[in-house]
There are 2 protein chains.
Amino acid sequence: MSSPATRPNPGERTPRGSRLPRRARRAQLLESALEVFVAQGYHAAAMDDIADRAGVSKPVLYQHFPGKLELYLALLDRAVDAVIDGTRAALESTDDNKQRVAATMHAFYTYVASEEGEFRLVFESDLTNDPAVRQRIDRVTTECAELIAHVIHDDTGLPDDQCRLLAVALVGMGEVSARFWLQDRVQGRDTIEQDMAAGLIAGLAWRGIRGYPRTDEQT
Amino acid sequence: MSSPATRPNPGERTPRGSRLPRRARRAQLLESALEVFVAQGYHAAAMDDIADRAGVSKPVLYQHFPGKLELYLALLDRAVDAVIDGTRAALESTDDNKQRVAATMHAFYTYVASEEGEFRLVFESDLTNDPAVRQRIDRVTTECAELIAHVIHDDTGLPDDQCRLLAVALVGMGEVSARFWLQDRVQGRDTIEQDMAAGLIAGLAWRGIRGYPRTDEQT
DNA sequence: GGATCACGCCGATCTTGACCTCCATGCGGA
DNA sequence: TCCGCATGGAGGTCAAGATCGGCGTGATCC
């Protein structure tokens, strides 16, 4: 959450006329842009909308950011770092691998469920063809997978290629299931509690990954 | 593959001047549109590009499809049906659940690796904000998950909610891992063989899902 | 065998909408 | 009281989706 001064009423237009120092104005513009991009996607979002939402006119927007793309990238970078840092923190929070899986999955669900809907920028972007955007979005999966692959490698001794692929699969599991769990939730459908959902998927992941090479040929 | 008459050289422009019956022209336009949408995404793709690729002028395109969106949806419907049918076929191909998981995962990998890159429409669309598109893309995950959830339910007796969430996670596993496996492959990086990759992920999935409620509290 | 007709096709144009800048204006310090 | 600077309204530009009247070709009919 940002301070009430910069965003008095999330989702509503800020009344015009307030004079802000550069730093604060920039932060406020970022918040307004996030709300608009999350709600509308990149293409449908107009710079007018963002300026209106912030209670300023378009030229001030362009005095803080060179263009629409750079504004989007600034938000995307923030979001990407948040996911990766969250994953890293979860993995470092314990030495028990089962707990690691659980913590990571909970981190994913918590991030996806966070109020701002920031995850849409990363997991549901509509600008995937732009190289700069593509690179940042891929970085989430690759770096999270890299962190996890390390743990898998230490635990199982599998070749690096296979560790990475398994790690990517685990990330995909969390990402897709969390998105659909949230979608069910916001659609009012009665659904599973967050902790229970994350725990369920963590269980699936842990059963799949634990002691990998040994239990290869059963049933 | 389509007949040489309608697409003599994939990726190249068809020379202008050939007169085709409506049905054949429409099929050719769909193929051209698929190539362009796959290569550029929805927004970056111009109707001019598609017309050029097909060797016709823009008005012809509009005589076959009411607009850009409808053209895209026609292709998307085809792709969505292909994925769901493939999943259904894989699940019905055997009665052994381990084989079912393996067959389904192989089906996913085969689809993603298919030459036309059709999977990009479903898994990497840049029009996720349009309701019609969103609904179709979600249908892939929900219906595939529904099919899988049925099997899980019969096997484990878990509540429906949990079966569906687990099934969605499995779908996400296949989708994301297959996409990244393919990406590594097309970037020339030496990577795992398709059968081996699909088998690896199938193993992960099967270990995770088999005999679910029983082995809950180990290590 | 020749004219008619229908169908498919094209060049050129219109229009919309979104990103991005020019001149007037009003507020904070010397 | 006067100056500098951030701000606002209005407009330019351009790309891309969508369209109109005319042309050529092959089949049909007399």
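Letters go in sequence order (proteins before strands), and every chain restarts at 1.
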key: Criterion side-chain contact (heavy atoms from CB on, under 4.5 Å) on B:Arg100 and B:Glu92, from CA distance to verdict   = CA-CA 8 Å; B:Arg100 277 199 170 116; B:Glu92 289 175 351; over 6 Å; no
request  = Go through the steps to decide whether B:Glu35 and B:Arg120 satisfy the test salt bridge (charged side-chain N to carboxylate O under 4.0 Å, His left out), and finish with yes or no.
outcome  = CA-CA 11 Å; B:Glu35 293 175 19; B:Arg120 288 184 179 276; over 6 Å; no
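Summarising the geometry, the separation between CG on A:Leu127 and P on C:dA18 is reported as 16 Å, rounded to the nearest angstrom. Rounded to a whole Å, the CZ atom of A:Arg25 is 14 Å from the C1' atom of D:dC5. In this structure, CG of B:Leu29 is placed 12 Å from P of C:dG8, rounded to the nearest angstrom. Atom CG of B:Asp52 is separated from atom C1' of C:dG11 by 13 Å (rounded to the nearest Å). In this structure, A:Arg26 atom CZ and D:dA6 atom C1' are separated by 18 Å, rounded to whole Å. Summarising the geometry, the separation between CG on A:Leu61 and P on D:dA6 is reported as 16 Å, rounded to the nearest angstrom.
Between A:Arg139 and A:Asp81, at least one side-chain N (NZ, or NE/NH1/NH2) sits under 4.0 Å from a carboxylate O, which counts as a salt bridge. Ion pairing between a basic and an acidic side chain is recognised when a charged N comes within 4.0 Å of a carboxylate O; B:Arg136 and B:Glu143 show no such pairing. Residues B:Glu124 and B:Arg179 are paired through a salt bridge, judged by an N-O separation under 4.0 Å between the basic side chain and the carboxylate.
Ring pair A:Tyr72/A:Tyr42: centre-to-centre distance below 6.0 Å.
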note = Contact string for nucleotides 15-25 of chain D, one letter per nucleotide 5' to 3', B = base within protein heavy-atom range under 4.0 Å, S = sugar-phosphate only, - = neither, reads --BBBB---B-
